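Please read all numbers here as calculations on a predicted model, not as lab measurements. Convention: sequence-line order gives letters A, B, ...; per-chain numbering from 1.
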Amino acid sequence: MASQKDIDRTSDPETFRQEVRQFIAENFPDELKSKGNALAAVEGPATETAAQKSWREAMGSRGWGTPTWPAEYGGGGLSRKHAAILNEELAKAKAHNPIGGMGVMMFGPTLLEYGSEEQKREHIPPICRGEIRWCQGYSEPNAGSDLANLQTMAEDKGDHYLVNGQKTWTSGGQWADKCFCLVRTDRSDKHKGISFLLIDMDSPGVEVRPIQMISGMSPFCETFFDDVKVPKENLVGEEGQGWTIGKRLLQHERTNLSGGGSMARMMGASLADIAKRYVETDSDGRIADAVLRDRIADFEIRWNAFLLTARRAAQESKAQGGVSEISSVLKKVGTKLGQERAELTIEIMGLQGLGWEGEGFTQAELAGVRGWLFGKATTIYGGSTEIQNNIIAKRVLGMLDHQ
Amino acid sequence: MAVLNEEQTMLRDMAREWTTNESPVTEWRKVRASGDPQAWDASVYATMAEMGWAGIIIPEEHGGSDFGWLSAGLVVEELGKTLTASPLIATTIAASAIVLGGSDAQKAEWLPKIASGEVVATLAVDESPRHAPSKIETTVSGGTISGTKKFVHEAHGAHLFVVAAKDGLYLVPSGDGVTLHDRKLADMRNHADVEFAGAAADKLTDGGDDLLDQVLDRARVLTACEMLGMAQQVFDTTLDYLKQRVQFSQVLSTFQALQHRMADLFADLALMRSAVEGGLQAIDAGFLTSQAATIAKAEANRVLHQLSREGIQLHGGIGMTDEYDVGFYLKRARVLESSFGSTGFLKDRYARLSDY
């Protein structure tokens with residue numbers, strides 16, 4: 001007998017749309033309308049309200065939080081077309097996808113590509129149900145942009161690895177259940193000595209210390225491994241294949257970090273609307289400060305060109321059946337514009353836009369300040385702007401390296 | 001590059017092959033050397049018309065192919081790459097005014113001749129060196145037009161002027177009452193001040209109150225297409241040069257300082273292309289055309305300005321010699337940046353369109 005998911009995959013689009021509508025009507029709690037937070041699954045504690053829990057479980061049971069992942073591992077098994085319908089209907093209902101985080105954005109797609117059958121069966125279904133939080137053990141104090149310089153050592157002890165070392169900038173490490181980690185299994189070769197290892201965060205010897213950032217928040221941690229025993233079956237791929245697998249995962253990360261659409265949604269009100277609330281307008285409704293008005297227009301024109309570029313990259317990639325070369329600019333341009341926008345917002349609001357806490361500020365104003373500061377991370381993580389420039393110059397433009 | 005259909009791909013390939021083989025920059029050097037104020041070769045324009053390029057935005061019933069603006073833009077971009085001098089852009093812009101605002105009789109009279117290449121036309125709006133379509137003093141009285149238009153593109157050799165007067169757009173054939181004063185600009189192309197003194201003028205009455213804005217939006221986008229071709233060519237030429245030039249026993253392209261500048265320019269060029277193609281697609285779709293056209297020309301101005309400066313700097317001293325082509329692009333760039341809206345004008349227009 002065909003499963004529900006087989007029916008979803010092949011069903012007529014309009015029938016499927018009706019099914020999605022009915023599912024949302026039956027399962028989506030009204031109190032969650034417009035309450036989605038794209039980063040909640042990464043950066044917030046794991047406490048859930050009853051409504052959040054029921055919505056996550058409903059979506060998870062259908063695999064619709066990971067709509068295009070294979071149904072056999074708990075994904076939705078939907079075609080891209082059906083997934084697009086699902087997204088449209090969720091957006092119309094102001095419903096968010098409650099299943100996200102690094103497991104969905106980065107680790108899952110990578111494990112589906114490189115993991116063993118046992119690993120997929122063990123790790124993918126809990127990601128699809130939103131039950132397990134993953135964190136990323138990549139950067140180290142001396143391995144930032146030069147990631148391959150990582151020194152965390154996994155020593156072969158026969159039936160297990162013994163892991164010692166330190167990771168840093170572990171996003172959401174204090175809330176994570178598991179960590180996908182790049183470790184060194186061989187000191188003799190910089191790149192081929194790296195392996196991709198999965199580590200339980202509650203293993204003895206794992207210690208996590210949140211780092212307080214300039215935003216006042218602690219979304220990143222230091223993670224220490226002190227004689228941590230990791231079973232051999234937690235190695236993904238072969239020993240020494242970690243750099244290849246790890247880079248593949250970064251491609252998934254960049255794709256997610258640069259998405260113009262999701263950034264646009266996070267940005268909320270237009271700069272012009274903000275300006276009209278905070279600064280004077282003249283009798284024609286124009287922003288009276290001509291310099292500020294010019295800078296807002298200047299920003300919005302470039303922002304529009306960026307959105308058009310994100311759209312074009314997607315269209316080209318689809319038409320070519322491969323990643324379009326302009327995709328390489330999206331991360332650096334999108335993050336720079338996001339920072340520029342945050343700075344311009346503060347300039348529009350004046351000191352009212354720099355409130356840290358207490359009375360006299362709206363929630364949006366306070367959130368804006370923390371977002372402005374947190375946003376400084378965007379041009380550093382996921383391959384800094386400088387690393388993006390290296391990639392564009394060498395891989396896209398064919399400019400030679402120092403060799 | 002926008003995703004093209006088969007017809008558009010063929011058109012683009014044909015244009016690229018023709019400009020590469022028949023109209024490289026050396027052809028522009030010959031035209032420039034001739035000193036002719038018309039600054040384009042009539043036989044070259046006849047060839048373009050034979051290939052169907054003069055009728056790309058003209059309906060089939062009037063002798064065109066009606067391929068649309070994205071198609072027109074593909075051809076114009078290729079012309080921009082090799083600095084091909086022709087009245088194609090000016091004529092296409094002028095033709096759009098007749099398509100949008102002409103009566104059946106006006107369309108039947110002019111569009112077939114434009115599509116066949118027999119008639120060269122151009123748009124005459126500005127009365128000062130800066131684009132200011134709200135400051136027009138030209139008037140029409142008793143069917144004759146009086147006023148002076150400044151720096152009209154491709155005025156020498158034009159058979160028909162589409163002229164902005166206080167109360168709308170008019171068709172004014174060259175001849176009695178139309179006098180040209182040559183204005184030689186740094187790009188050495190075809191520009192003239194055009195004095196209208198009692199010339200016969202035939203109003204375009206079917207386009208609505210915003211006809212001039214609609215035509216200018218098309219002028220902005222098509223100009224941006226020429227600029228896109230120029231920007232792409234400057235980028236490609238500069239990249240090639242950096243990969244060949246050796247200093248300190250290394251090819252320049254190995255220096256990270258230069259790699260990162262090229263990466264920045266590559267990103268800007270990507271934004272410019274998206275904006276320009278977005279403008280063409282908006283005209284074809286008839287949706288948010290003014291916003292899209294403003295974004296297209298503003299991005300074209302910003303990016304070509306930057307690229308034309310960096311192109312010279314990255315070539316070093318030889319980039320400043322007349323023997324190298326890159327200087328031509330700098331000079332043409334500034335003329336086009338000022339035409340149909342400087343960056344300041346366009347930002348103001350974008351803000352107005354967005355109600356702030």
Side-chain angles (χ1 to χ4, degrees), chain A residues 270-273 275-276 281 284-287 290 292-320 324-333 336-337 385-386 388-394 396-403, chain B residues 1-5 235-236 238-240 242-243 250-279 281-282 288 291-292 294-303 343-344 346-356:
Chain A
S270 80
L271 279 180
D273 288 344
K276 282 186 165 181
T281 51
D284 291 334
R286 284 183 297 201
I287 296 165
L292 184 60
R293 177 172 178 267
D294 178 86
R295 291 180 55 203
I296 292 172
D298 185 86
F299 173 82
E300 295 208 324
I301 287 168
R302 285 179 293 126
W303 177 248
N304 272 293
F306 169 69
L307 293 182
L308 288 166
T309 305
R311 188 183 76 178
R312 183 160 71 87
Q315 289 169 344
E316 284 183 8
S317 300
K318 194 176 163 200
Q320 296 167 3
S324 154
E325 64 176 25
I326 58 162
S327 303
S328 64
V329 309
L330 296 179
K331 199 244 167 189
K332 91 180 201 123
V333 175
K336 175 168 176 270
L337 287 171
T385 297
E386 289 70 23
Q388 302 300 324
N389 281 341
N390 286 347
I391 292 172
I392 294 166
K394 287 165 193 165
V396 180
L397 302 181
M399 298 177 85
L400 304 174
D401 207 347
H402 292 273
Q403 275 168 12
Chain B
M1 171 60 61
V3 177
L4 304 179
N5 63 30
F235 183 86
D236 291 347
T238 303
L239 182 60
D240 283 347
L242 293 177
K243 288 178 179 178
Q250 278 177 281
V251 281
L252 292 183
S253 66
T254 61
F255 289 101
Q256 195 180 42
L258 303 183
Q259 292 177 345
H260 285 200
R261 275 161 76 178
M262 290 305 282
D264 278 341
L265 293 171
F266 177 74
D268 276 333
L269 185 57
L271 262 59
M272 176 184 183
R273 178 173 294 284
S274 309
V276 172
E277 291 177 353
Q281 288 164 332
L288 290 176
Q291 280 87 345
T294 306
I295 291 166
K297 179 73 170 30
E299 281 294 272
N301 278 8
R302 178 178 73 85
V303 177
T343 302
L346 294 163
K347 286 193 280 188
D348 175 69
R349 178 166 166 79
Y350 184 83
R352 280 170 195 266
L353 289 167
S354 310
D355 293 322
Y356 65 89

Worksheet, complete the sentence: Assert top hit (heavy-atom pairs under 4.5 Å, partner chain B, pool A:A393, A:A272, A:A297) equals A:A297

Item to complete: Taking all non-hydrogen atoms of both residues into account, name the closest pair between B:A263 and A:N389 and its distance.
Response: CB-OD1, 3.4 Å

Discussion item. Using the rule given for side-chain contact (heavy atoms from CB on, under 4.5 Å), can you reason through A:I301 versus B:E299, listing the C-alpha separation, both sets of side-chain angles and the distance that settles it, and then say yes or no?
Written reply: CA-CA 7 Å; A:I301 287 168; B:E299 281 294 272; 3.9 Å; yes

Worksheet item: Distance only, no hydrogens: is a donor on one side chain within 3.5 Å (strictly under) of an acceptor on the other, for A:N390 and B:Q256?
Response: yes

Worksheet item: Around atom NZ of A:K336, are there more than 12 heavy atoms of other residues, nucleotides or ligands at under 6.0 Å?
Response: no

Discussion item. Would you say that A:T309 contacts B:R273 through its side chain, given a criterion of any heavy-atom pair below 4.5 Å between the two side chains?
Written reply: no

Worksheet item: When heavy-atom pairs shorter than 4.5 Å are enumerated against chain B, which of A:D298, A:V333, A:V396 gives the highest number?
Response: A:D298

Worksheet item: Does the side chain of B:Y356 reach to within under 4.5 Å of the side chain of A:S270, using non-hydrogen atoms?
Response: no

Worksheet item: Which residue out of B:A275, B:A296, B:A351, B:A2 racks up the most heavy-atom pairs below 4.5 Å with chain A?
Response: B:A351

Response to the item:
When rounded to the nearest 0.5 Å, the distance separating CD of A:Q315 from OG of B:S274 is 9.5 Å

Fill in: Segment of A:I391 engaging chain B (4.5 angstrom heavy-atom cut-off)
neither

Fill in: Between CG on residue A:D284 and CG on residue B:D355, distance to nearest 0.5 Å
11.0 Å

Fill in: Atom group of B:D268 that falls short of 4.5 Å from chain A, counting heavy atoms
neither

Worksheet entry | Segment of A:R312 engaging chain B (4.5 angstrom heavy-atom cut-off) | side chain

Worksheet item: What residue in B:M272, B:M262, B:E277 has the most heavy-atom pairs under 4.5 Å with chain A?
Response: B:M262

Practice prompt. Could you look at B:M1 and say if it's the side chain, the backbone, both or neither that has a heavy atom under 4.5 Å from chain A?
Written response: both

Discussion item. At a 4.5 Å cut-off on heavy atoms, which part of A:R302 comes close to chain B: side chain, backbone, both, or neither?
Written reply: both

Worksheet item: Which answer fits A:L308, side chain, backbone, both or neither, if we ask what part of it has an atom under 4.5 Å from a heavy atom of chain B?
Response: both

Worksheet, complete the sentence: Comparing A:T281, A:I326, A:D273, A:N304 against chain B, the one with the most heavy-atom pairs below 4.5 Å turns out to be A:N304

Item to complete: Decide yes or no on side-chain contact (heavy atoms from CB on, under 4.5 Å) for A:K332 and B:D264, but give the supporting numbers first.
Response: CA-CA 9 Å; A:K332 91 180 201 123; B:D264 278 341; 2.3 Å; yes

Discussion item. Between A:L400 and B:Q250, does the side-chain contact (heavy atoms from CB on, under 4.5 Å) criterion hold? Intermediate values first, please.
Written reply: CA-CA 10 Å; A:L400 304 174; B:Q250 278 177 281; over 6 Å; no

Worksheet item: Side chains of B:V3 and A:Q320: does their closest heavy-atom pair fall under 4.5 Å?
Response: no

Discussion item. How long is the straight-line distance from NE2 of B:H260 back to CD1 of A:I392, given to the nearest 0.5 Å?
Written reply: 9.0 Å

Worksheet entry | Engaged part of A:S324 at the chain B interface, taking heavy atoms whose separation is under 4.5 Å | neither

Practice prompt. Could you check if a side-chain atom of A:M399 sits within less than 4.5 angstrom of a side-chain atom of B:V251, using non-hydrogen atoms only?
Written response: no

Worksheet item: Which atoms of B:K347 come close to chain A, meaning under 4.5 Å heavy atom to heavy atom: side chain ones, backbone ones, both, or neither?
Response: both

Worksheet item: Can you find a pair of side-chain heavy atoms, one from A:R286 and one from B:R352, that are under 4.5 Å apart?
Response: yes

Worksheet item: Heavy-atom distance under 4.5 Å to chain A: side chain of B:L239, backbone, both or neither?
Response: side chain

Item to complete: Select one option (side chain, backbone, both, neither) describing which atoms of B:L252 are under 4.5 Å from chain A's heavy atoms.
Response: neither

Worksheet item: What part of A:Q388 lies closer than 4.5 angstrom to a heavy atom of chain B: side chain, backbone, both or neither?
Response: neither

